[in-house]
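As a basis for the values below, the full set of heavy atoms in this structure was taken, side chains included, without hydrogen atoms, waters or symmetry mates. Order of listing sets the numbers, starting from 1, for every ligand and every atom in it.
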Amino acid sequence: MALTNQVAIVTGASRGIGRAIALKLARQGARLVINYAKYQRGAEEVVAEIVGEGGRAVAYQADVANPREAVDLARAAQREFGSLDILVNNAGITRDNFLLRMKEEEWDQVLDINLKGVFNCTQACLGHMLKQKKGRIINISSVVGLTGNVAQANYAAAKAGIIGFTKSLAKEVASRNITVNAVAPGFIATEMTATLAVKVQEDYKGRIPLGRPGKPADVASVTAFLASPAANYITGEVIRVDGGLAI
Ligand code: NAP
């Protein structure tokens with residue numbers, strides 16, 4: 001298996017895209033830290049599913065927006081499994097609003113979790129990867145970070161920020177055999193998109209050239225590829241997984 005003996009942290013893995021990524025990495029042989037913020041039962045179910053399939057995983061609660069909790073999360077991987085090879089920065093939220101109506105807290109929450117969370121977790125994990133001269137960092141951005149979107153200035157700014165972060169860090173750590181890439185999903189069927197108004201959902205679906213919303217597994221397979229030896233020579237890349245939405 002492509003990821004045998006690798007240790008991976010997936011942030012926000014209690015449901016949705018993060019859950020699918022964690023299951024995919026585990027099925028390729030990785031040992032998993034399943035991070036979550038509040039939904040403990042969801043995280044425990046993901047652990048149970050992995051263990052039930054013969055893999056290894058633990059759940060770990062940490063708010064990625066909190067630098068100390070991010071450090072604890074990185075330590076948990078090393079304590080449980082003795083290493084840390086793959087970090088998937090997936091945790092994210094939306095607080096959509098038109099800019100004139102956007103509250104400061106809506107801006108701050110999205111930037112704190114979606115962008116500062118990536119900084120916190122990456123900084124917490126990077127020291128270990130630098131020491132072992134090996135690592136994979138995969139950041140879940142969004143096509144909205146490439147195209148922008150009405151009522152998502154906060155989310156688009158965070159997701160575009162992730163792309164700049166990814167390219168900068170890729171240059172910074174390439175000489176230490178650490179790759180840093182981003183995945184930019186389009187419209188994926190999860191709780192995040194289920195909360196959108198039906199009209200907005202239908203409008204999205206009508207604009208997807210491949211004619212269907214994405215599945216969490218569509219994002220997971222590309223993430224697993226970027227974590228695998230098949231992607232050894234790819235860094236600083238942004239891969240859209242959007243059925244053509246942003247063409
Ligand atoms: P989701 O179903 O709403 O799940 C969000 C996940 O993030 C949950 O596991 C949640 O944990 C976790 N999370 C939220 N705040 C956190 C915090 N402060 N610390 C740690 N974990 C936290 O969302 P999703 O659709 O799977 O999205 C996953 C990622 O893909 C996000 O970064 C999102 O922006 C991105 N994305 C999604 C789409 C889409 O169409 N769905 C498109 C493009 C990009 P709890 O369960 O404990 O709350």
Might you list the protein residues in contact with ligand 1, defined as having a heavy atom under 4.0 Å from one of its atoms, sorted by chain and number? Gly12, Ala13, Ser14, Arg15, Gly16, Ile17, Asn35, Tyr36, Ala37, Lys38, Tyr39, Ala62, Asp63, Val64, Asn90, Ala91, Gly92, Ile93, Ile113, Ile140, Ser141, Ser142, Tyr155, Lys159, Pro185, Gly186, Phe187, Ile188, Thr190, Glu191, Met192, Thr193

Using modelled atom types only, decide if a donor and an acceptor are shared between the side chain of Thr235 and the backbone of Val180 within a distance under 3.5 Å. yes

Summary of ring pair (Phe, Tyr, Trp, His ring centres under 6.0 Å) pairs that have at least one residue in residues 219-246, sequence neighbours excluded: none

Quick test of your reading of the model: are Arg15 and Glu45 salt-bridged, counting only N-O distances below 4.0 Å? no

Using only heavy-atom distances, determine whether the side chains of Asp85 and Gln132 contain a donor-acceptor pair under 3.5 Å. yes

Could you give all pairs that pass the ring pair (Phe, Tyr, Trp, His ring centres under 6.0 Å) test and reach residues 95-149, with sequence neighbours left out? none

Going by the rule ring pair (Phe, Tyr, Trp, His ring centres under 6.0 Å), which residues pair with Phe187 if we only count those two or more places apart in sequence or in a different chain? Tyr204

